[in-house]
Protein chains: 2
Amino acid sequence: MADAASPKTDSSKYPMPFTRIEVVLMTLVDGNLAVLLARRAQAPYAGKWALPGGVLRIDLDGSLEEAAARVVRERLATDLPDLKQLCAVGGPTRDPRAPWGLSIVYRALSLSGSTLPTAGKRIEELRWAPVESLAKGISLAFDHNTLVARATDAMREDVEEHDLPYGLLPAHFTLTELQQTCEAVLGHALDKSSFRRRLNDRDLLEPVDGEKRGGAFRPAQLYQRRARLRSLR
Amino acid sequence: MADAASPKTDSSKYPMPFTRIEVVLMTLVDGNLAVLLARRAQAPYAGKWALPGGVLRIDLDGSLEEAAARVVRERLATDLPDLKQLCAVGGPTRDPRAPWGLSIVYRALSLSGSTLPTAGKRIEELRWAPVESLAKGISLAFDHNTLVARATDAMREDVEEHDLPYGLLPAHFTLTELQQTCEAVLGHALDKSSFRRRLNDRDLLEPVDGEKRGGAFRPAQLYQRRARLRSLR
DNA sequence: ATAGTTCGTTGCACATAACTACTAAGACTT
DNA sequence: AAGTCTTAGTAGTTATGTGCAACGAACTAT
């Protein structure tokens, strides 16, 4: 801090940016990482696909996380865990509706194979788009292609660092399901024994005792994430 | 996106947050990672130490990065490279001067052992504080203790991922200097041969040919960072 | 029973890292 | 000029982690 010249008029002295929340909601569709897109009804970029988002409401939101949760709820009529802040972007040409646009971007995860979220208020049409199709080809409104790319990268880095995408899975899952999910996120295959060894060594999971599951053939042990001890801070 | 109900009055329809930039400027002081603090002259938190920062000026700043660069320039009378966005934090109780405060936090690096930056406009007093002393003990204004902790963590993660803190070093440096810098950031010793092998394997550096340097005893080869090929995106 | 499929584990070759020890090069002392 | 002090830089050895392949276990279907 350190600005102190002006008494208490600071908040009204300067015009403030038009501040929004954007959400990169990811899931797996047929084993491919996909993001949720919403079709824009109005200008700018009318008719184009874009990330769902909404204006920051300082009268409603107690924090940025709450704002993101509210946007998801209003737009998609769902509650989603695993919200994670990705980045903030801003500039004078970001949004034609205002002289200076600022967006705080969040990433969220949705259970793989879940149905399309209900279109909430002010949503025209929703659609899952594989991130691959966005990387090369389909162009989104604003800089949303870049944001999706950043979200995808962040997601992969997380998985590589054993910050597993539990949000894509039900609370209880088999190791094979977990592995397939990670493979889908990363975009390449993983070795079974190495994968399991890593999980074991790091105590990331704990078995859900007694329970098993299997449509056919040998049933698999179910696991759940172990409460991660981030310990001190 | 997807809000479209209102024509073009969006930017004036909702009150916007009081948006600031905060800077966690880090350097090494006597081999310890330290952050720059500025003493607050006015309320809130008058007399307390806090991170330097400033209001986002939508009339001056072409982007958040530019805003951070401007804040550093104005407050500290220096230009600094290696600006990196850390996170955004916001909420109604963040800043008593406004109903809702939003801060975009940047991390910057300053050459180790450099003198205290000149106090720029509206700065009372500056001081380097070892991050260790902040982790347990000294309490800063706002949530700045948390921000420093996050910056420190991010810094350590970067170094572990071989994203080396070049900003703390001059353009040309010896491998020993680099290693000592990394050790100071991480807070523990590193093995010399492993460290060098890693650097070599990853082609992170290139020797500055001919040049060497040494106050006494055997001179060491100087190196500089090799332009990192982030290639496609 | 037997075949078929998935689960889960083990053994081993290989790569990568940490740890120890060594040689090399210059400065200073005598 | 020789010795030694200190730091630079390199091996070589041991531990650890990963990738690959194979195997027995568990269950279904026929």
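Here is how names work: the chains are called A, B, and so on, in the same order as the sequence lines, proteins then strands, and each is numbered from 1.
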Starting at atom [atom1] of [X], determine the distance to atom [atom2] of [N], rounded to an integer number of angstrom.
{"X": "Leu199(A)", "N": "dT9(C)", "atom1": "CG", "atom2": "P", "answer": "11 Å"}
{"X": "Phe173(B)", "N": "dA8(D)", "atom1": "CZ", "atom2": "P", "answer": "14 Å"}
{"X": "Phe195(A)", "N": "dG17(D)", "atom1": "CZ", "atom2": "P", "answer": "17 Å"}
{"X": "Gln221(B)", "N": "dA24(C)", "atom1": "CD", "atom2": "C1'", "answer": "15 Å"}
{"X": "His162(A)", "N": "dG17(D)", "atom1": "NE2", "atom2": "P", "answer": "11 Å"}
{"X": "Asp201(A)", "N": "dT9(C)", "atom1": "CG", "atom2": "P", "answer": "12 Å"}

For [X], what residues pass the side-chain hydrogen bond (donor to acceptor under 3.5 Å, both in side chains) criterion, not counting sequence neighbours?
{"X": "Glu177(B)", "answer": "Arg213(B)"}
{"X": "Gln85(A)", "answer": "Tyr106(A)"}
{"X": "Glu160(B)", "answer": "none"}
{"X": "Glu132(A)", "answer": "none"}

Using the side-chain contact (heavy atoms from CB on, under 4.5 Å) rule, take Leu116(A) and Leu36(A) through it: C-alpha gap first, then chi angles, then the decisive distance, then the call. CA-CA 9 Å; Leu116(A) 213 53; Leu36(A) 187 71; 4.0 Å; yes
List every contact pair, protein side and nucleotides 11-15 of chain C side both N or O, where the distance is under 3.5 Å.
none

Does Leu222(B) or Arg198(A) map to a spot on DNA chain D nearer the 5' end, using the closest nucleotide for each? Leu222(B)
Report the nucleotide, chosen from dG8(C), dT18(D), dA8(D), that has the shortest atom-to-atom distance to any side-chain atom of Ala220(B). dA8(D)
Would Arg127(B) pass as a cation-pi partner of Trp49(B), given that its NZ or CZ must be under 6.0 Å from the six-membered ring centre and within 45 degrees of the axis? yes
Side chain to side chain contact (heavy atoms under 4.5 Å, CB included) against [X], all qualifying residues, sequence neighbours excluded:
{"X": "Pro170(A)", "value": "Leu111(A)"}
{"X": "Gln179(A)", "value": "Glu183(A), Leu190(A), Lys192(A), Phe195(A)"}
{"X": "Ala67(B)", "value": "Ile21(B), Leu56(B), Asp61(B)"}

Taking only residues at least two apart or on different chains, which pairs with a member in residues 77-88 of chain A satisfy salt bridge (Lys or Arg N to Asp or Glu O under 4.0 Å)? Arg73(A)-Asp79(A), Lys84(A)-Asp158(A)
What residues in residues 175-191 of chain B put a non-hydrogen atom under 4.0 Å from any atom of DNA chain C? Asp191(B)
Who are the ring-ring contact (aromatic ring centres under 6.0 Å, His included) partners of Tyr45(B), not counting sequence neighbours? Phe142(B)
Provide a list of protein-nucleic acid N or O atom pairs under 3.5 angstrom, restricted to nucleotides 23-26 of chain D.
{"from": "dG24(D)", "atom 1": "N2", "to": "Arg218(A)", "atom 2": "NH1", "distance (Å)": "3.4"}
{"from": "dA25(D)", "atom 1": "N3", "to": "Arg218(A)", "atom 2": "NH1", "distance (Å)": "2.8"}
{"from": "dA26(D)", "atom 1": "O4'", "to": "Arg218(A)", "atom 2": "NE", "distance (Å)": "3.4"}

